[in-house]
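Take a look at the structure set out below.
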Amino acid sequence: MKVTTTPIEGLLIIEPQIFPDDRGYFYESYNQQKYIAAGIDVNFVQDNQSSSSKGTLRGLHAQAPPFGQGKLVRVTQGSVIDVAIDVRKGSPTYGQHFKIELSAKNNLQFWIPEGFLHGFYTLEDDSVFAYKITNFYDKASEIGVKIADPALNIDWGFPTDNVILSAKDELLPDFKDFISPY
Ligand SMILES: Cc1cn([C@H]2C[C@H](O)[C@@H](COP(=O)(O)OP(=O)(O)O[C@H]3O[C@H](C)C(=O)[C@H](O)[C@H]3O)O2)c(=O)[nH]c1=O
């Protein structure tokens, strides 16, 4: 497997080793020993999965400490543009983001440590998003920011005025009003 750093410290891109054969393919989607060696030395306690139609925006979300979550995310069907925003107080890249296309075709995984807001936009119908997290869901600890906030300078590559958003995400604050707990 190949692990690549990003311009934002802590964010990692993992490209698993694929074993194709005349039946199809095989790859290890997680291996504790290999991921610890790659610097992802965490204890995953929960796996999540969501499916979304094309043009859906989920996020930008996080959980406040002590329920902060590291996330190892991937797409098992379809494709998404995935975004992580650094909200670690004192970080030289505070407020900056990194975006990456994750798809069932590229098999890429994206490691997002605690201290980041996370969200994604789906490029195809029935895009399935599967991820491992390092802390249990705690509804009371949920925090977030309006994913299409222009102040985040995220070039989504599409107009953000006609996307599918949950009622909860519609009500998220702008980034200027966000106070990071990290
Ligand atoms: C996250 C979560 C949700 N739920 C329940 C709560 C709601 O009844 C329902 C949908 O939850 P929500 O609308 O928060 O789902 P997403 O908008 O996909 O939220 C996720 O979206 C972004 C991309 C993230 O990074 C987070 O993992 C997470 O916040 O599932 C659970 O039961 N357990 C959970 O861990």
Side-chain angles (χ1 to χ4, degrees), residues 6 8 10-14 29-30 35 40 42-88 91 94-104 106 108-149 152 154-158 160 162-175 177-182:
T6 74
I8 298 180
L11 295 178
L12 296 173
I13 301 163
I14 297 103
S29 54
Y30 177 68
Y35 281 61
I40 304 174
V42 297
N43 178 39
F44 291 111
V45 297
Q46 182 177 315
D47 282 4
N48 291 343
Q49 181 166 312
S50 64
S51 176
S52 308
S53 42
K54 182 177 179 180
T56 298
L57 276 172
R58 289 184 185 252
L60 294 160
H61 302 155
Q63 290 192 169
F67 293 95
Q69 296 170 325
K71 300 171 185 171
L72 179 64
V73 306
R74 66 193 180 113
V75 168
T76 58
Q77 183 174 294
S79 53
V80 311
I81 302 288
D82 198 83
V83 171
I85 291 92
D86 186 357
V87 288
R88 298 168 297 186
S91 168
Y94 185 91
Q96 292 180 34
H97 70 275
F98 180 81
K99 67 178 181 177
I100 181 171
E101 182 170 333
L102 303 175
S103 72
N106 68 24
L108 291 180
Q109 299 178 357
F110 186 28
W111 164 245
I112 307 159
E114 282 187 42
F116 287 80
L117 292 167
H118 171 249
F120 62 86
Y121 172 72
T122 53
L123 300 172
E124 298 175 53
D125 276 328
D126 306 319
S127 286
V128 176
F129 195 82
Y131 51 117
K132 306 179 82 69
I133 54 179
T134 61
N135 216 334
F136 295 110
Y137 175 58
D138 182 78
K139 187 173 179 55
S141 304
E142 285 191 307
I143 55 176
V145 161
K146 206 178 286 316
I147 195 165
D149 183 352
L152 292 169
I154 299 172
D155 176 9
W156 288 102
F158 61 89
T160 55
N162 184 24
V163 294
I164 301 167
L165 270 179
S166 68
K168 179 183 78 168
D169 289 352
E170 291 270 12
L171 299 174
L172 288 171
D174 291 334
F175 189 60
D177 300 321
F178 175 76
I179 298 167
S180 175
Y182 287 97

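Ligands are counted one by one from 1 in listed order, and the atoms in each one are counted from 1 as well. Only heavy atoms go into these numbers, but all of them, side chains included; no hydrogens, no water, no symmetry mates.
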Would you give the length of the straight line joining atom CZ of Phe178 to atom CG of Asp149, rounded to the nearest 0.5 angstrom?
12.0 Å
Which residue and non-hydrogen atom of the protein lie closest to atom 22 (C) of ligand 1, and at what distance in Å?
His61 ND1, 3.3 Å
Backbone, side chain, both or neither: what part of Phe129 comes under 4.0 angstrom of ligand 1, heavy atoms only?
neither
For Gly78, is there any backbone N or O sitting under 3.5 Å from a side-chain donor or acceptor partner on Ser127?
no
Short N/O distance, under 3.5 Å, between Tyr131 and ligand 1?
yes
Residue-level breakdown please: for Ile133 versus ligand 1, do any non-hydrogen atoms fall below 4.0 Å on the side chain, on the backbone, on both, or on neither?
neither
Side chains of Gln109 and Tyr35 only: does a donor on one sit below 3.5 Å from an acceptor on the other?
yes
Heavy-atom distance under 4.5 Å between the side chains of Leu108 and Ile13, does that happen here?
yes
Protein non-hydrogen atom below 4.0 angstrom of atom 11 (O) of ligand 1 present:
no
Sub-4.0 Å heavy-atom approach of Gln69 to ligand 1
no
Hey, does Phe175 have a side-chain heavy atom less than 4.5 Å from the side chain of Val87?
yes
Do you see a protein non-hydrogen atom under 4.0 Å from atom 30 (O) of ligand 1?
no
Output the list of atoms in ligand 1 that are nearer than 4.0 Å to some heavy atom of Glu142, sorted by atom number.
14 (O)
Nearest to atom 35 (O) of ligand 1, what protein heavy atom do you find, and at what distance?
Gln46 NE2, 3.0 Å
Any idea which atoms of ligand 1 are less than 4.0 Å away from a heavy-atom of Phe120?
23 (C)
Heavy-atom contacts under 4.0 Å between Lys71 and ligand 1: side chain, backbone, both, or neither?
side chain
Flag: protein heavy atom within less than 4.0 Å of atom 27 (O) of ligand 1:
yes
Looking only at protein heavy atoms, which one is nearest to atom 14 (O) of ligand 1, and how far off is it?
Lys168 NZ, 2.6 Å
For atom 16 (P) of ligand 1, find the nearest protein heavy atom and state the residue, atom name and distance (0.1 Å precision).
Arg58 NH1, 3.6 Å
Give a yes or no on whether atom 2 (C) of ligand 1 lies under 4.0 Å from any heavy atom of the protein.
yes
Heavy-atom donor-acceptor pair, Thr122 side chain to Thr56 backbone, under 3.5 Å:
yes
Give the ring-plane orientation class for His118 versus Phe120, where under 30° counts as parallel, over 60° as perpendicular and anything between as tilted.
tilted
Which label fits Phe44 and Trp111: parallel for a plane angle under 30°, tilted from 30 to 60°, or perpendicular past 60°?
perpendicular
Nearest protein heavy atom to atom 23 (C) of ligand 1, by residue and atom, and its distance?
His118 ND1, 3.5 Å
Donor-acceptor pair, distance only, cut-off 3.5 Å: does the side chain of Glu124 make one with the backbone of Gln77?
no
No-hydrogen, no-angle side-chain donor-acceptor test under 3.5 Å, Asn48 and Gln46:
yes
So with a 6.0 Å cut-off around NZ of Lys99, is the heavy-atom count from everything else above 12?
yes
Does the protein place a non-hydrogen atom closer than 4.0 angstrom to atom 7 (C) of ligand 1?
no
